[in-house]
A.B. asks: 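Please see the structure below; I have some questions.
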Amino acid sequence: MIGLNNKLKANLRDLRKNIRNNQNKIIRKLKENHTCHICIFCGTEKDLSKEHILPQWIYDKDPNKFFITNTNGVSQTYNKSVLPCCESCNNEILGHLEYRIQKVFKNTNIGQNQYTIEKIELIILWLEIIAYKLQVMEIRRTFNKDKNSDFIPYLANFPIALLQDLTLSPAKVFSNLRKSLNKISIKSKGNRLNSIIFFKTKNTHFHFMHTANSFIYIELPKYDTALFYFLNEAFNNEKNAFEKCMEIMKKAY
């Protein structure tokens, strides 16, 4: 059984502490300048490095894998999709977490009942961190001109996040971002255990889907595993979550 070693436990405590102590600063800085250069986990402006939104190991560093921004149709490769993150948060905390997550997938048979609660909670935390990074990416991205698409000049510096859903006010966008930070800072994921579905996949190619504040779906061919996680829905049992997941997958995949 793979448990959390003392080093990782200490790292995750530091991560939660960093977020609790600095989330107001992070949100304020992003409001003032959505392209500001601060660590998105602790808010420092020192010793910044680049944190990949999706870990490179899950798509084998394939430079041809890319995001599509529906708002203006501009593509961006996963490999170049990075965010500012300090050396400590990036290498010490997130790097150790990524290493442990790979160990979990490598050493666990497919199936929800094969994962210990401790492992599931670690995977949920990992997915919540990815979801938060995706939100920050959309806030930092501007409505840039694409050579093959129409362009409205006065929208050039608007964050994509404010244009994707015009029913959301800027205040709501940042409120959702704060909620994502709060999730990461919560140690226990006990009430989220039925919100994640594990699949065995025979797909040989990495696949990723995400809808903000709704779900994340990741296929990991290297480990014959696929994950579907409801970001904001809790379920009484696995059956209800699986049925809802299948409804979404039939429409989206």
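One is the number of the first residue; the rest follow in order along the sequence.
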A.B. asks: For the residue pair Phe235 and Phe230, is the inter-centroid distance of their aromatic rings smaller than 6.0 Å?
C.D. replies: yes

A.B. asks: Taking the six-membered ring for Trp, is the centroid-to-centroid distance between Phe228 and Phe215 below 6.0 Å?
C.D. replies: yes

A.B. asks: Taking Leu48 as the starting point, is it possible to reach Ile19 by hopping between hydrophobic residues whose side chains are less than 4.5 Å apart?
C.D. replies: no

A.B. asks: Got a second to check how far Leu127's CG is from Arg192's CZ, nearest 0.5 Å?
C.D. replies: 11.0 Å

A.B. asks: Atom CG of Leu15 and atom CD1 of Ile184: how far apart are they, to the nearest 0.5 Å?
C.D. replies: 6.5 Å

A.B. asks: How many angstroms lie between atom NZ of Lys133 and atom CD1 of Ile129, to the nearest 0.5 angstrom?
C.D. replies: 7.0 Å

A.B. asks: Give, for atom CD of Gln23 and atom CG of Asn18, the distance between the pair rounded to the nearest 0.5 Å.
C.D. replies: 12.0 Å

A.B. asks: Over 60° means perpendicular and under 30° means parallel, so classify the ring planes of Tyr223 and Trp57, tilted if in between.
C.D. replies: perpendicular

A.B. asks: Determine the interplanar angle of the Tyr59 and Phe206 rings, folded into 0 to 90°, and report it as parallel if under 30°, tilted if 30 to 60°, perpendicular if over 60°.
C.D. replies: tilted

A.B. asks: Is the distance between the ring centroids of Tyr115 and Phe198 less than 6.0 Å?
C.D. replies: yes

A.B. asks: Are Phe41 and Tyr132 close enough that their ring centres sit under 6.0 Å apart?
C.D. replies: yes

A.B. asks: Could you list the donor-acceptor pairs under 3.5 angstrom formed between side-chain atoms of residues 84-91 and any protein atom two or more places apart in sequence or on another chain?
C.D. replies:
unit_1, atom_1, unit_2, atom_2, d
Glu87, OE1, Asn91, ND2, 2.4
Asn90, ND2, Ser49, OG, 2.9
Asn90, ND2, Lys50, O, 3.1

A.B. asks: Check this for me: does any side-chain nitrogen of one of Glu219 and Lys202 sit under 4.0 Å from a carboxylate oxygen of the other?
C.D. replies: no

A.B. asks: Enter the distance from Phe242:CZ to Glu247:CD here, rounded to the nearest 0.5 Å.
C.D. replies: 11.5 Å

A.B. asks: Could you measure the distance from the NE2 atom of His205 to the CG atom of Asn203? Nearest 0.5 Å is fine.
C.D. replies: 6.5 Å

A.B. asks: Could you tell me which residues satisfy side-chain hydrogen bond (donor to acceptor under 3.5 Å, both in side chains) with Asn11, sequence neighbours excluded, listed by chain and number?
C.D. replies: His96

